[in-house]
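First comes the structure, then the notes that go with it.
Proteins get letters first, then strands, A, B, ... in listed order; numbering begins at 1 in each. Everything numeric in this text was worked out from a predicted model, so none of it was measured.
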Protein chains: 2
Amino acid sequence: MAYKRNVILRAAEQLIADEGLHNLSMQKLATTAQVAAGTIYRYFTDKEALISELRKDVLKNVAEFVFSGFTQESVEAQFTHLWFNFLKLGSNRNSNQLNYQQYSQLPGIESDEHRAFEQNTFEPLLTMFKQGQQQGLITDLEDEYLFSIGFEPAIALGHRISEGHLEYNDSELLVVCKRCWSAISTSFSDS
Amino acid sequence: MAYKRNVILRAAEQLIADEGLHNLSMQKLATTAQVAAGTIYRYFTDKEALISELRKDVLKNVAEFVFSGFTQESVEAQFTHLWFNFLKLGSNRNSNQLNYQQYSQLPGIESDEHRAFEQNTFEPLLTMFKQGQQQGLITDLEDEYLFSIGFEPAIALGHRISEGHLEYNDSELLVVCKRCWSAISTSFSDS
DNA sequence: GATAATTAAATGAACGTTCATTCATTTTAT
DNA sequence: ATAAAATGAATGAACGTTCATTTAATTATC
C-alpha cells in the first residue's frame, strides 16, 4: 500500500505549514498521520529522505496548480492565466498546503537533481516566453529576467494576501498583472 | 560588556546562513561564538528570544544596507539606487550574513511588533512613492502593489545571483531595472 | 597605590526532556 | 500457512536550560 506514503507526506506538509520545519518531529508526524513511528521508516529511509521526497511531491502539486487550465490561447492570455495562478498559489490554497514561500525554504532545494526536475516542470513557461518573443510581443531578455519581472510580483502579492496584509481585489490585481505584462513586452519604448 | 551579545548574534546569523534555522542548537552556537553555553542565557532569556532579537538586528542591518547612499535625487534616480541595493542585498553580501530570503523565514516575523518596526524602517520607501505620485511620475496604486512590481524582481534576481544560477551583468540589469520603473510609472498608457 | 571586599561576568558539568531510529512482536493480507 | 505491513516500547544521542562554582572587573578601605 503506497497510499500510506501519501498520508505521511500530507501530514508532513500540514505540520510544516502549521509549525515550520524546525518543529517537525517524527513522533509528532506519526501521531498526525495516525501511524506508528516505525511505519514512517518503511516508506522513507530517514527524516532527510522524507523531506527530500516531500519537496519533489510538493513541487509536482505546485506545478499542477500553476499550469491548471493552461491552454493555447494568445500569449498575453496565457501570461495572465499563469500570473493569477502564481498569485493564488500563495493566497488561495488550503491552509494545510505549503505555499510557494514555505516550499522554497525546504532544504535541499538547491541540489542539482532538484533543479533539473524544476527546470523540466516549468518548461511550458519557457515555451510561452519563446513563443512571445517569436511573435515580437515579448522583449529579448533571458528567461530569468522575464520570470522575475513578470511573475515574482504575483508570488509576492499572493504571499501578502495569504498573510492577511492585503485584500484580494480582482480589478486592482488585473491592473497590476497588465503592468507586469507590459514590463516584459515590447509594447513600450524598447531600447 | 554588551559586545558579547553581538558576538552571539553574529554567530547565530552565520550558523543559520550556513546550516539553516532547523539545525541551530545552543551548544553549536556557544562553540561558534567561542562562549560557554550558559553565557548565552545571560543575554537572551531563551532560544526563542534569541531568534526574535536576531530578527530585529538583521532587519536593522538590512535597512541600513538598502538605504545606504540614499539621497534626495530625482525620484527615478532614487528608485534605481534602491533597486540595485535590493539586488545586492541578495547577491553581494558576505556569506556569513543572512540574505533577504533567509531573513524573511525567521519565525515571529509576522508579529505585530515586528511589522510595526518594519513599517517604520522602510518608511523612506513609501515617501519616495508618494513623492513620485505627487510629481505625476508614479501611477496611483497602493504601496504594496508598487513595491511588488518595482522591487520584488530585484530581490528575486539577487537571490538567483547569490545561488550561482545567474551572473551579475550590470548593463542587462539596468535594462531590467528600467522596465521595473516603467511598470510603476505613468509613462506608458495609463488606463 | 596597594590590598581587601564586593559585584558582575563567564563557565561547563549535569539535568530532565525530546529526538530520530531500531527491532522483536503482532496484525493484516495473500 | 506464508509473507508483508504495521506496531510502539526501547535506545542512546542530542537537545535546551540551569546553577554551583570560578574568574574578572569594580569599588572601598587603609
If you look only at distance, which donor and acceptor atoms sit under 3.5 Å apart when one is on a side chain in residues 77-87 of chain B and the other is two or more places apart or in another chain?
unit_1, atom_1, unit_2, atom_2, d
B:Gln78, NE2, B:Glu73, O, 3.1
B:Thr80, OG1, B:Glu76, O, 2.9
B:His81, NE2, B:Ser68, O, 2.8
B:His81, NE2, B:Gly69, O, 3.2
B:Trp83, NE1, B:Gly150, O, 3.0
B:Asn85, ND2, B:Phe65, O, 3.4
B:Asn85, ND2, B:Val66, O, 2.6
B:Asn85, ND2, B:Ser68, O, 3.2

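The side-chain hydrogen bond (donor to acceptor under 3.5 Å, both in side chains) pairs that include a residue from residues 20-34 of chain A are A:Glu19-A:Lys28, where partners are two or more places apart or lie in different chains. Residue pairs satisfying the salt bridge (Lys or Arg N to Asp or Glu O under 4.0 Å) criterion with at least one member in residues 55-70 of chain A, sequence neighbours excluded, are listed as follows: A:Arg10-A:Asp57, A:Glu53-A:Lys56, A:Lys56-A:Glu113. Screening residues 116-130 of chain A for side-chain hydrogen bond (donor to acceptor under 3.5 Å, both in side chains), with sequence neighbours left out, gives A:Tyr103-A:Glu118.
For the pair A:Arg5 CZ and D:dA5 C1', the computed distance is 16 Å after rounding to whole Å. Spacing between atom CZ of B:Phe44 and atom P of D:dT18 amounts to 15 Å, rounded to whole angstrom units. One interatomic measurement links the two molecules: CZ of A:Arg42 to C1' of D:dA3, which rounds to 11 Å at whole-angstrom precision. Nucleotide D:dA6 holds its C1' atom 6 Å from the NZ atom of A:Lys4, rounded to whole Å. At whole-Å resolution of the value, CD1 in B:Ile40 and P in C:dG12 are 12 Å apart.
A distance of 12.5 Å separates CG of A:Asp140 from CZ of A:Phe129, quoted to the nearest 0.5 Å.
In the set D:dT7, C:dA9, D:dA6, C:dA9 carries the atom at the smallest distance from any side-chain atom of B:Tyr43.
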Find every protein N or O atom lying less than 3.5 Å from an N or O atom of nucleotides 19-22 of chain C, and list the pairs.
unit_1, atom_1, unit_2, atom_2, d
C:dA20, OP1, A:Leu24, O, 3.3
C:dA20, OP1, A:Lys47, NZ, 2.5
C:dA20, OP2, A:Met26, N, 2.6
C:dA20, N7, A:Gln27, NE2, 2.7
C:dT21, OP2, A:Tyr41, OH, 2.7
C:dT21, OP2, A:Lys47, N, 2.9
C:dT21, O5', A:Tyr41, OH, 3.4

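For B:Glu144, the side-chain contact (heavy atoms from CB on, under 4.5 Å) criterion is met by A:Arg160, A:Leu166, B:Glu142, not counting sequence neighbours.
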